[in-house]
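What follows is a short report on a single structure.
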Amino acid sequence: MFRYSRRRFLILCNIGGCFPLYCIKNSMDMKKFHLSLVLTNQCNLNCVYCYESHKTKKSMDIQLAKNIIAEYLNGEDYDEVEIDFFGGEPFLEFAVIREVCEWVWSRQWKNKYIFFATTNGVLVHGEIKEWLKVHKRYFWVSLSLDGTRSSHNINRSCSFDKIDLSFFKECWPEQTVKMTISKETVGDIYDNIVYIHSLGYDITGTNFAEGIDWEDERYLAVVSRELEKLCKYYMEHPEMKPVPLINMAIHKCADTREKNKWCGCGEHMAAYETDGHKYPCTFFTPMTFDEETMRRIAGTDFSCHDAFVDEECFHHCYLEPVCNSCYGANLLANGRMNRRDRSKCALMKVRAVYSAALKAHKILENPSDTYENKLTVQAIQRINELYNKM
């Protein structure tokens, strides 16, 4: 396991002792809604970790899509709407995307908005590519890319060479990519992340695939090895933005705890299926769950935040404030929205150790007298006491 020398940690503790206790409040009060339209259940790939096991051949009617969007763009409850075209692969329904977007752009609306889609990139050529290039300021696209040619092809149906990687970077230079780690590619985490960085991308999504028992000790040893290499890489390349895997906001662990949901599913976000039925988010749709489970979801009060808290984790795990929880993934794995996937607990602890090491390095290199850094120092000490001997 990666460790700092005792001398460097003592220096860090001394730095932490002089930090004042104050908090900067977020003054942003913009109300934003995340609206997803499931244009199609179909996909042109067969990714090894796909959890959407109940796909149909249905697609969304153009007029239905327009009606749903109009309701939110003229709504009174939000100031800004992110309209996300979802699938399956959304660009299988490019004709719908184009007509709906151009219709929206031709009219005046009460609320601000932006169009967005996440794609596997395979279909973004020719007419689709030219249309996106023209409208790149108003329609943003995120690419799913799982790393090098080898890893991406293992995970995503040998599709690497079908993607115009440079196009996405040229059109949306600030947009990040989404990367999923499967059991087949877990041993190449370092190579895959460094490769994506070499293309000029930051990475905001680095998720361990759902539906896998990550508790196997073989995975833990491999992940630890890969994250240690990655931690050293970021120390040697301070200009690079670290991936979330080892850039956890560990200062939250040392702060006051509150029972909150991780996301706005069922409140500040909604997904409309091809038939126009509204669901809490894109995970909670009939593509993922059977009819009986969908009835349970329909009876859930998503505004009751306490119902989404894993009480065992909240009261007994130091990392609970930074252990991201997808309630749909929880339901899929455990049959309960509020029970986290325990097979990922050891992985989370390893991630925390390397996050702590990286945060310590940054503070030591550039000390800053802030409340967040004070909490970060406290969290570093506690994380190393708890988990650095795994």
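With hydrogens and angles ignored, the 3.5 Å screen pairs a side-chain donor or acceptor of Glu89 with a backbone N or O of Phe91.
Side chains of Asp188 and Thr185: a donor-acceptor N/O pair is absent below 3.5 angstrom, by distance only. In this structure, a donor-acceptor pair under 3.5 Å is present between the side chains of Ser182 and Glu184.
Within the 4.5 Å cutoff, the side chain of Leu375 has no heavy atoms near those of the Lys252 side chain. With contacts defined as side-chain heavy-atom distances shorter than 4.5 Å, the pair Arg339/Glu312 qualifies. Considering only heavy atoms from C-beta on, Thr119 comes within 4.5 Å of Val124 through its side chain. Residues Glu210 and Lys344 form a side-chain contact, since some pair of their non-hydrogen atoms from C-beta on lies under 4.5 Å apart. Two residues are said to be in side-chain contact when any heavy atoms from C-beta on lie closer than 4.5 Å; Asp79 and Lys32 fail this criterion.
Between Lys183 and Ile212 the shortest heavy-atom distance is N-CD1, 3.9 Å. Nearest heavy atoms, Leu145 versus Ile196: O-CD1, 3.5 Å.
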- Item | Test log, rule salt bridge (Lys or Arg N to Asp or Glu O under 4.0 Å), inputs Glu311 and Lys259 | CA-CA 9 Å; Glu311 293 289 341; Lys259 292 185 178 181; 2.9 Å; yes
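For Arg218, the CZ atom is loosely surrounded, since the number of other residues' heavy atoms within 6.0 Å does not exceed 12.
Sorted by first then second residue, the ring pair (Phe, Tyr, Trp, His ring centres under 6.0 Å) pairs that include residues 325-351, not counting sequence neighbours, are Phe308-Tyr327.
Judged by the 6.0 Å distance and 45° axis criteria, Lys169 is positioned over the aromatic ring of Tyr201.
Under the 6.0 Å cut-off for aromatic ring centres, His277 and Tyr279 qualify, their centroids lying closer than that.
Of the residues listed (Asn155, Asn153, Asn192), the one engaging Asp146 in a side-chain hydrogen bond (donor to acceptor under 3.5 Å, both in side chains) is Asn155, and it is the only one.
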